[in-house]
Amino acid sequence: MYHRIVGRQVRNAFAQISAGNWEAMVAGMAPSFTYRFYGDHALGGERRTHEALRRWWERCFRLLPGTQFEVQDVLVTGWPWNTQVATAVTVHVNVVDGSTYENVVHQFLRIKWGKITDVRTLEDTAVLQRTLDRLAAAGYAEAHAEPIVG
């Protein structure tokens, strides 16, 4: 039952972010957390503060507005004091330059007593980098900005 509830909450979090409410995800982070997005690009890096994570989500939605997450799988194991979640999610975006962006994201989370303490996000960075390169060439300098860390 607990695993089913956590799975439903994870799916709801992706639905909230798709609706533009990424702040609900930020609020779900523990006071001390690590949020890693792998890759050497404007969306890559590691964040450990709520403020840095907010700035990162703001950048994501400036570069990829209207991002929609289609959850494929949510796997949950563990108990409230040490829950592990693995997700497979397809990302769909109508990019501001008129192109489309689709990628598959795999995310691994650790949750302790209802708060997220660790997030590791992996996606096909070559596909993402091509999109960021197109955006930078179209005048969106932030697409080649240094990662937001902190």
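Values in this document were obtained by computation on a predicted structure and should not be read as measured data.
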> To the nearest 0.5 Å, how far apart are CG in Asp73 and CZ in Arg11?
Replying inline: 7.5 Å
>> Restricting to non-hydrogen atoms, name the atom on Phe33 and the atom on Arg47 that form the minimum distance, rounded to 0.1 Å.
In response: CE1-O, 3.7 Å
> Of all heavy-atom pairs between Ala145 and Arg59, which one has the smallest distance, and what is that distance?
Replying inline: CB-NH2, 3.4 Å
> Which pair of heavy atoms, one from Asn82 and one from Lys112, lies closest together, and at what distance?
Replying inline: OD1-CE, 4.3 Å
> Heavy-atom distance under 4.5 Å between the side chains of Leu128 and Tyr101, does that happen here?
Replying inline: yes
>> Test side-chain contact (heavy atoms from CB on, under 4.5 Å) on Glu70 and Val89; report intermediate values, then the result.
In response: CA-CA 6 Å; Glu70 180 185 350; Val89 180; 5.6 Å; no
> If we only count heavy atoms from C-beta on, is the Phe37 to Glu123 side-chain gap below 4.5 Å?
Replying inline: yes
> Just by modelled atom types, is the Val26 backbone N or O under 3.5 Å from a matching donor or acceptor in the Arg54 side chain?
Replying inline: no
> What pair of heavy atoms forms the shortest contact from Ala143 to Leu132, and how long is it?
Replying inline: CB-O, 3.2 Å
> Atom OG1 in Thr121, atom CD in Gln107: separation rounded to 0.5 Å?
Replying inline: 3.5 Å
>> Closer than 3.5 angstrom, by distance alone: can the side chain of His3 be matched with the main-chain N or O of Gly78 as a donor-acceptor pair?
In response: yes
>> Quick one, Phe108 with Val119, criterion side-chain contact (heavy atoms from CB on, under 4.5 Å). Give me CA distance, side-chain angles, the key distance, then yes/no.
In response: CA-CA 6 Å; Phe108 302 91; Val119 178; over 6 Å; no
> Can you check whether Ile17 reaches Trp57 side chain to side chain, under 4.5 Å on heavy atoms?
Replying inline: yes
> Heavy-atom distance under 4.5 Å between the side chains of Leu64 and Thr131, does that happen here?
Replying inline: yes
> When you look at CH2 of Trp113, are more than 12 heavy atoms from neighbouring residues, nucleotides or ligands closer to it than 6.0 Å?
Replying inline: yes
> If every non-hydrogen atom of Ser99 is compared with every non-hydrogen atom of Asp97, which pair is closest and at what distance?
Replying inline: OG-OD1, 2.6 Å
> Is it true that a side-chain atom of Trp56 and a backbone atom of Leu43 form a donor plus acceptor pair closer than 3.5 Å?
Replying inline: yes
> Do the side chains of Asp124 and Val104 get nearer than 4.5 Å, heavy atoms only?
Replying inline: no
>> Is there a path of hydrophobic side-chain contacts, each under 4.5 Å between heavy atoms, that joins Leu63 and Val127?
In response: yes
>> If you apply the rule side-chain contact (heavy atoms from CB on, under 4.5 Å), what do you find for Glu51 with Arg55, and how did you get there?
In response: CA-CA 6 Å; Glu51 180 55 32; Arg55 288 187 296 121; 3.5 Å; yes
> Is there a side-chain contact between Tyr2 and Thr83 (heavy atoms, below 4.5 Å)?
Replying inline: yes
>> Measuring only between side-chain heavy atoms, which start at C-beta, is Thr100 closer than 4.5 Å to His92?
In response: no
>> Testing the basics here: between Glu142 and Ala42, what is the closest heavy-atom pair and its distance to 0.1 Å?
In response: O-CB, 3.4 Å
> What distance separates Asp118 CG from Arg48 CZ, expressed to the nearest 0.5 Å?
Replying inline: 8.5 Å
>> Is a donor from one side chain sitting under 3.5 angstrom from an acceptor on the other, for Glu102 and Thr90?
In response: no
>> Main chain of Gln84, side chain of Thr77: is a donor-acceptor contact present, judged purely on distance under 3.5 Å?
In response: no
> Rounded to the nearest 0.5 Å, how far does CG of Asn94 lie from OG1 of Thr67?
Replying inline: 9.5 Å
>> Tyr38 vs Arg120, test: side-chain contact (heavy atoms from CB on, under 4.5 Å). Steps then yes/no.
In response: CA-CA 8 Å; Tyr38 292 100; Arg120 291 173 285 146; 3.5 Å; yes
> Tell me, do Met25 and Tyr35 make a side-chain contact under 4.5 Å, heavy atoms counted?
Replying inline: yes
